[in-house]
Amino acid sequence: MADPAESLWAALHGGSSPLVVVFYGDLGLRERALAEVESLADPAWPILRVATLGEAQVAPPGHLVLLAPDDERSTVQDLEGLRDVLRQRDVPVVLFLVRGGGGARVLAESPSVMSWVREDALDPEEVSRIDPEEERALFLREVGVTPEEWLAEHRDDSLVDTRSLGILYRARLLER
Amino acid sequence: MWRALYESHEATRELGNDQPDVLLRDRIKELVRRKHCHMRFQGKVDYKADTARGREEIWVKGAETGSMGEPIPLNGLPALRNARLSLAATLDKRRGYLRSFTVRLEGRAPGDRPLLISVEMDEKPMSNGACGHPLIHCHVGPDHEAAPEIRVPMPPVKPWDALDWVLAQVVPDWEPAPWASVLPPPKKNER
């Protein structure tokens, strides 16, 4: 599976469906999710933040619309009726839903809506999670030593070559 | 002075509400807008997290193999050909601070001279002391092995500030802090 930013970027810029769905952890993290999507947008796209489907419906087709509704359940329930309108857009609408919330549950029970969501619904926080043991085993296979052994050998090197930068930072993530 | 610099470097580890990946990616987005970088590299500033231990790693995934840490190419820089930008950072998300970062630009300067500029924040004090090896320092030289190894002391910059500084050296008109926004307004008598 691709990493979170790569997955989000692919969803924003690929496919023909007009809707991207992004899950976030809790209301306190919603702003961070919006900022993340904005940072991945085409610099040429004007960005519009809206709170209702009505606003999303009338947004200019070339704008990236970030829909962060207060009533997520009703928003998802009303989505199907707007499919043809949203299809006219050049740039997708991104709908933000709290993980496990009412909107997310309605979405999971709406196969017809899910069929026109790009790249499935994305949960960047979940996608970013590694299995440390799996990653350590992969590191050992690829590099030939454990992260701790690699760091011990290189810790006093003041500057690693660029090819080793990826290994250095992987080791720092996995180091026990 | 060196103690004060060290303390300011340690203080800069605090992240607060900063989103490092977004702030780094915003600079890549601006490079895309200025046509120095392909848009797909916005999606290559990525991250992985060991949530059990509260650690997160941010890095670029490069052009050729898509491997973590592989640099991304920048083009159209008048003073640097074959420019390659590497970004990486380690965060302690649980405690909300930076453990380390690297912002590195390499390429060929006029006369085909190799050039490397690498701003580094160390995880902890290294070498003998805070003067020769400040926590946040910048290597400048032809490559990572050149002697003597120059470590220019940096101000207390976060990785995105370091990226701004590195880009300001080579990208025309890259200036996030124009003097008009920095200098105090002239006093009444001076007008």
Side-chain angles (χ1 to χ4, degrees), chain A residues 2-14 25 28-29 31-45 124-136 138-139 142 151 155-176, chain B residues 17 19 21-26 28-30 32-34 39-40 42-53 55-62 66-71 84 86-90 99-102 104 106 116 118 120 122-123 126-127 133 137 139 141 143-145 149 151:
Chain A
D3 295 307
E6 196 165 23
S7 301
L8 272 172
W9 191 92
L12 284 175
H13 299 281
L29 297 173
E31 173 57 36
R32 297 176 78 88
L34 268 72
E36 183 171 11
V37 171
E38 286 182 347
S39 74
L40 289 159
D42 187 325
W45 292 346
E125 192 182 327
E126 291 292 320
V127 171
S128 73
R129 274 182 225 261
I130 63 166
D131 179 329
E133 292 312 311
E134 253 181 44
E135 291 289 330
R136 286 180 61 87
L138 181 64
F139 187 97
E142 291 179 353
L151 285 169
R155 202 134 237 171
D156 291 330
D157 283 3
S158 53
L159 196 62
V160 297
D161 65 278
T162 302
R163 242 175 315 147
S164 301
L165 259 188
I167 301 174
L168 170 66
Y169 277 86
R170 278 172 75 188
R172 284 177 175 170
L173 176 65
L174 300 172
E175 178 190 21
R176 285 195 181 124
Chain B
N17 289 323
Q19 284 179 260
D21 61 301
V22 169
L23 290 163
L24 288 169
R25 205 178 294 116
D26 281 344
I28 304 301
K29 187 174 177 180
E30 178 59 20
V32 171
R33 193 189 68 76
R34 297 181 187 216
M39 192 169 66
R40 71 177 184 271
Q42 283 173 247
K44 300 290 188 181
V45 181
D46 225 322
Y47 53 97
K48 288 185 189 290
D50 178 351
T51 47
R53 290 188 305 159
R55 281 192 194 166
E56 184 172 293
E57 208 77 12
I58 299 167
W59 40 34
V60 288
K61 296 191 293 191
S67 303
M68 290 297 192
E70 189 183 357
R84 303 176 304 287
S86 304
L87 302 171
T90 328
R99 290 177 58 203
S100 62
F101 71 77
T102 296
R104 180 175 297 185
E106 299 166 273
L116 176 145
S118 193
E120 314 268 338
D122 294 329
E123 290 184 303
M126 306 264 289
S127 303
H133 202 143
H137 56 272
H139 294 269
D143 57 43
H144 74 285
E145 288 176 316
E149 197 167 333
R151 295 186 197 89

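Labels below follow one simple rule: chain letters A, B, ... track the order of the sequence lines, proteins then strands, and each chain is numbered from 1.
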### Query
If you measure from CZ on B/R55 to CD on A/E175, what distance do you get to the nearest 0.5 Å?
5.5 Å

## Note on the structure
Closest non-hydrogen atoms of B/D46 and A/A5, given as atom of the first, atom of the second and distance, are OD1-N, 2.9 Å

## Note on the structure
Comparing B/Q42, B/E106, B/E56, B/R84 against chain A, the one with the most heavy-atom pairs below 4.5 Å turns out to be B/Q42

### Message
Which atoms of A/L8 are under 4.5 Å from chain B, going by heavy atoms: the side chain, the backbone, both sets, or neither?
### Response
neither

### Message
How close do A/D161 and B/R104 get, counting heavy atoms only, and between which atoms?
### Response
C-NH1, 3.6 Å

### Query
Just how far is it from atom CZ of B/R25 to atom CG of A/L40, taken to the nearest 0.5 Å?
4.5 Å

### Task
Give the minimum heavy-atom separation between B/E57 and A/L173, together with the two atoms involved.
OE1-CB, 3.3 Å

### Query
Does any heavy atom of chain B fall under 4.5 Å from the side chain of A/D42, the backbone, both, or neither of them?
both

### Task
Would you mind checking which part of A/L168 comes under 4.5 Å of any heavy atom in chain B, side chain (CB onward), backbone (N, CA, C, O), both or neither?
neither

### Task
Against chain B, work out which of A/G166, A/P132, A/P43 has the most heavy-atom pairs shorter than 4.5 Å and name it.
A/P43

### Task
Specify which of B/K29, B/R99, B/R33 makes the most heavy-atom pairs with chain A at under 4.5 Å.
B/K29

### Task
Drop me the distance from B/H144's NE2 to A/R163's CZ, to the nearest 0.5 angstrom.
8.5 Å

### Query
Tell me, side chain or backbone of B/T90 under 4.5 Å from chain A's heavy atoms, or both, or neither?
both

### Residue selection (most heavy-atom pairs with chain B, distance under 4.5 Å) from A/R129, A/R32, A/E125
A/R32

### Straight-line distance of A/W9 CH2 to B/K44 NZ, nearest 0.5 Å
8.5 Å

### Message
To the nearest 0.5 Å, what is the distance between CD on B/Q19 and CG on A/L29?
### Response
9.0 Å

## Note on the structure
d(B/M39 CE, A/H13 NE2) to nearest 0.5 Å is 4.5 Å

### Query
At their closest point, which heavy atom of A/D3 faces which heavy atom of B/Y47, and how far apart are they?
CB-O, 4.4 Å

### Message
Please identify, among B/I28, B/D21, B/T51, B/V45, the residue contributing the most non-hydrogen atom pairs under 4.5 Å to chain A.
### Response
B/T51

### Largest heavy-atom contact set with chain B, pairs under 4.5 Å, which of A/A41, A/P124, A/A44
A/A41

### Query
Which one, B/A89, B/S86, B/G43, leads in non-hydrogen pairs under 4.5 Å with chain A?
B/G43

### Query
Can you find a side-chain donor-acceptor pair between A/R172 and B/S100 that sits under 3.5 Å?
yes

